[in-house]
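Working notes for the structure below.
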Amino acid sequence: MLAALAAAIVVDAPQQNAISLAGRQVSMVTILPTADAHVESFHRCLDAVARERRYLAFVEAPPVAALREFVRAIVAAGAIQVLALDGDIIVGWCDVLSRPMEGFRHVGVLGMGVAASHRRRGVGEQLAKAALEQSRAAGLKRVELEVFASNRGAIKLYEKLGFEHEGVKRFARNLDGAYEDVVLMAVVWEPSRSTATNAPAG
Ligand SMILES: CC(C)(COP(=O)(O)OP(=O)(O)OC[C@H]1O[C@@H](n2cnc3c(N)ncnc32)[C@H](O)[C@@H]1OP(=O)(O)O)[C@@H](O)C(=O)NCCC(=O)NCCS
């Protein structure tokens with residue numbers, strides 16, 4: 001088990017193709033649509049972020065086979081998931097999955113993460129911008145997300161991208177002996193209130 005872990009760490013050693021732009025380190029990653037070919041590397045990235053036990057709603061990735069099915073379903077449905085590739089290693093992801101129920105299909109739910117080795121280098125912003133551009137082009141009118149209140153970096157990123165705060169779910173998680181609030185955020189593009197069916201009567 002430890003040997004396998006060590007091998008995974010060596011295989012996933014960050015390549016750090018980075019340049020300095022205006023005094024800021026920026027990773028030279030490729031943003032590309034999700035694909036079967038990247039599932040194993042994506043799985044290592046997802047699992048590593050989950051195991052930090054701070055940022056995601058799950059504390060380990062699903063099995064590789066389940067993630068493969070998920071990725072295949074996304075590709076088959078033409079749904080939105082982008083990956084960040086550094087060399088041949090996946091170092092981040094962002095998906096916007098539209099809600100399937102009638103009446104909610106204009107809504108997408110955003111989830112994302114970047115490997116710890118590649119944070120604060122512009123990767124998250126590139127991923128989220130690409131996924132949001134695709135969401136808008138696909139006709140979504142609202143993208144929403146949930147973020148732990150302590151995750152100040154992610155909240156700053158979402159604010160920078162135009163997300164607004166919509167509310168807080170108090171004491172939403174209890175993990176490792178600590179409660180966490182969950183912040184609800186969303187960005188809304190040009191919906192017409194005139195078509196709203198819940199407008200006040202009279
Ligand atoms: C949140 C996350 C995706 C941001 O990705 P990133 O690649 O580190 O972010 P970027 O370098 O693209 O930063 C873009 C902007 O986000 C904000 N930001 C990101 N991390 C920040 C931090 N730690 N502190 C303050 N602001 C931060 C800044 O506004 C930044 O713009 P700036 O560099 O002009 O100041 C990344 O930190 C991450 O994966 N965290 C763990 C998983 C996670 O939190 N996922 C989201 C769950 S809701």
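Remember, it's 1-based here, ligands and their atoms both numbered in the order they're listed.
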Does [X] reach ligand 1 with a nitrogen or oxygen that is under 3.5 Å from one of the ligand's nitrogen or oxygen atoms?
| X | answer |
| --- | --- |
| R152 | no |
| Y55 | no |
| R120 | yes |

Considering only heavy atoms from C-beta outward, does the side chain of Q81 approach that of F42 to under 4.5 Å?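 Yes - at least one pair of side-chain heavy atoms lies under 4.5 Å apart.
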
Side chain proximity check, V188 to K141, heavy atoms < 4.5 angstrom: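 The answer is no; the side chains never approach within 4.5 Å.
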
Atom indices of ligand 1, in the order listed, that fall short of 4.0 Å to a heavy atom of [X]:
| X | result |
| --- | --- |
| V49 | 42 (C) |
| G122 | 10 (P), 11 (O), 12 (O) |
| K156 | 17 (C), 26 (N) |
| A154 | 1 (C) |
| E146 | 48 (S) |
| G124 | 5 (O), 6 (P), 7 (O), 12 (O) |
| G113 | 39 (O) |

Any sub-3.5 Å donor-acceptor pair from S41's side-chain atoms to I90's backbone N or O?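 Yes.
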
Give a yes or no on whether the backbone of G124 and the side-chain of H118 come within a donor-acceptor separation of less than 3.5 Å.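 No, the answer is negative, given that no donor and acceptor are paired below the 3.5 Å cut-off.
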
Please determine which of V187, V96, L110 meets the side-chain contact (heavy atoms from CB on, under 4.5 Å) test together with S135.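 Considering V187, V96, L110, a side-chain contact (heavy atoms from CB on, under 4.5 Å) with S135 is found only for V96.
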
Using heavy-atom distances only, which candidate in [options] approaches [atom] most closely?
| atom | options | answer |
| --- | --- | --- |
| atom 17 (C) of ligand 1 | L127, V123, L157 | L157 |
| atom 36 (C) of ligand 1 | H118, K160, Q126, R119 | R119 |
| atom 46 (C) of ligand 1 | E159, M112, R54 | M112 |

Going by an N to O cut-off under 4.0 Å, is there a salt bridge joining E144 and R99?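 Here E144 pairs with R99 in a salt bridge, since their nearest N and O are under 4.0 Å apart.
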
Are E40 and R44 within salt-bridge range, i.e. N to O under 4.0 Å?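 Here E40 does not pair with R44 in a salt bridge, since their nearest N and O are not under 4.0 Å apart.
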
Below a 4.0 angstrom heavy-atom separation, can you tell me which part of [X], side chain or backbone, both or neither, approaches ligand 1?
| X | result |
| --- | --- |
| W93 | neither |
| L145 | neither |
| N151 | side chain |

Between CD on residue E133 and CD1 on residue I80, distance to nearest 0.5 Å: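 The distance works out to 11.0 Å.
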
Hydrophobic clusters here meaning ILVMFWY residues chained together by side-chain heavy-atom distances under 4.5 Å, can you tell me if F163 and V168 are in one?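 No; tracing contacts between hydrophobic side chains, which count when under 4.5 Å, never links both residues.
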
Which class fits the ring pair F171 and Y179: parallel under 30°, tilted 30 to 60°, perpendicular over 60°?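 F171 vs Y179 ring planes: perpendicular.
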
Would you please determine whether Y158 falls within less than 4.0 Å of ligand 1 on a heavy-atom basis?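 Yes.
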
What's the verdict on side chain to side chain contact (heavy atoms under 4.5 Å, CB included) for V39 and F70, showing C-alpha distance, side-chain angles and the deciding distance? CA-CA 10 Å; V39 163; F70 180 61; over 6 Å; no

